[in-house]
Amino acid sequence: MAPRQKKKTIGLALGGGGARGLAHIGVIKALRDAEIQIDYIAGTSMGALIGGFYAATKDIDTLEKLFLSVKEKDMLPVRKLLRAHKKAESPFRDTRPVIEMLKSHIKGISIEKCTIPFSAIATDVKNGETVILKKGLLTTAIQASAALPILFAPVPVGGRLLADGGLVDPVPADVVRDMGAEFVIAVDVSKEWPDISEETISIHGIKSLIADVLPALEFQIARHVLEKADIVLHPPVAKYHWADFPEAEDLIQLGTAEAAYYVTQIRNGAGYPKPVRTPLQKITDFLFDANR
């Protein structure tokens, strides 16, 4: 009998993508249900929000319930911002409805106190350098990592002005590897380049267009970083807009299905033994495990 493979530490790299990043919740749920432990998390933008919350609380169910409760009216500040004309009001806002919704659950928690080691990725707007936030207030790190240019103001941290980390490291597989992960799972929810026309610009407006183009640029950057991952999950969420938070249920389910499909591959790659299964669970595994 061949010796059992040594179990590897697992790192989760969660990319940006606005509402598309809700698929990260589904990925984490699938890994939890498969009894696969996450040892390190690095996140960019929405990935920092989802990853940071879970790293601090290990409570993915509460996070899911919070997003499932989001209604269209809850996103009105963002929708209004997208429709606003530059002359009418400032293009920057200091509040993000989604982050405000989560603050009561993670307020006052520092990154150093997270249950799972965590890093958030941001961009220094003055020189374009990558900034890896590994200490300080978790909420501040999330705000900085998710400060999408054009829509939100840069966040001052440690004497630097920081913006969305997707500009430099959209899916931080390299960061979570450097944190100590021996097996890296990356989750990429970015979009390829959008179909741009004069009609598109006139209907959706230049700000909305820029918000779509930035994730496409992140897609191009991420292709190189993803080489650091052992496995890359691509939940099929490209058709969703970055502000489609009311579609949380579908987005989460797509993440769950994507991760569940690759559970056996992840388990084999990371040296994870299968958990003890009941006879009924074994029948279910046989019927639905596409990777056996």
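Computed from heavy atoms alone, side chains included, the values below leave out hydrogens, waters and symmetry copies.
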The complete set of salt bridge (charged side-chain N to carboxylate O under 4.0 Å, His left out) pairs with one or both residues in residues 103-116, sequence neighbours excluded, reads E100-K103
Legend entry - pair Y262-L233: side-chain heavy atoms closer than 4.5 Å: yes
Applying side-chain contact (heavy atoms from CB on, under 4.5 Å) to E182 and not counting sequence neighbours gives K6, K8, T9
Joining Ile, Leu, Val, Met, Phe, Trp and Tyr whenever any side-chain heavy atoms lie under 4.5 Å apart, the cluster holding V125 also takes in L161
- Hey, are the side chains of V187 and V171 touching, using non-hydrogen atoms and a 4.5 Å cut-off? no
Heavy atoms of E258 and P236 approach each other most closely as OE1-CD, 4.3 Å
Y272 vs I266 side-chain heavy atoms within contact, under 4.5 Å = no
Which pairs of donor and acceptor atoms, one on a side chain in residues 49-60, lie under 3.5 Å apart (sequence neighbours left out)?
unit_1 : atom_1 : unit_2 : atom_2 : d
T57    : OG1    : F53    : O      : 2.8
T57    : OG1    : D59    : N      : 3.1
D59    : OD1    : D61    : N      : 3.4
D59    : OD1    : T62    : N      : 3.1
D59    : OD1    : T62    : OG1    : 3.3
D59    : OD2    : T62    : OG1    : 2.5

CD1 of I25 to CG of L251, rounded to nearest 0.5 Å, is 9.5 Å
Heavy-atom nearest pair, L162 first then A147, reads O-CB, 4.2 Å
Side chains of K228 and V184: does their closest heavy-atom pair fall under 4.5 Å?
no
Residues 152-162 vs salt bridge (charged side-chain N to carboxylate O under 4.0 Å, His left out), sequence neighbours excluded, gives D124-R160, E129-R160
Side chain to side chain donor-acceptor pair (under 3.5 Å) filter on Q37, not counting sequence neighbours, yields D39
With T123 as partner, the option from D169, V131, L167 fulfilling side chain to side chain contact (heavy atoms under 4.5 Å, CB included) is L167
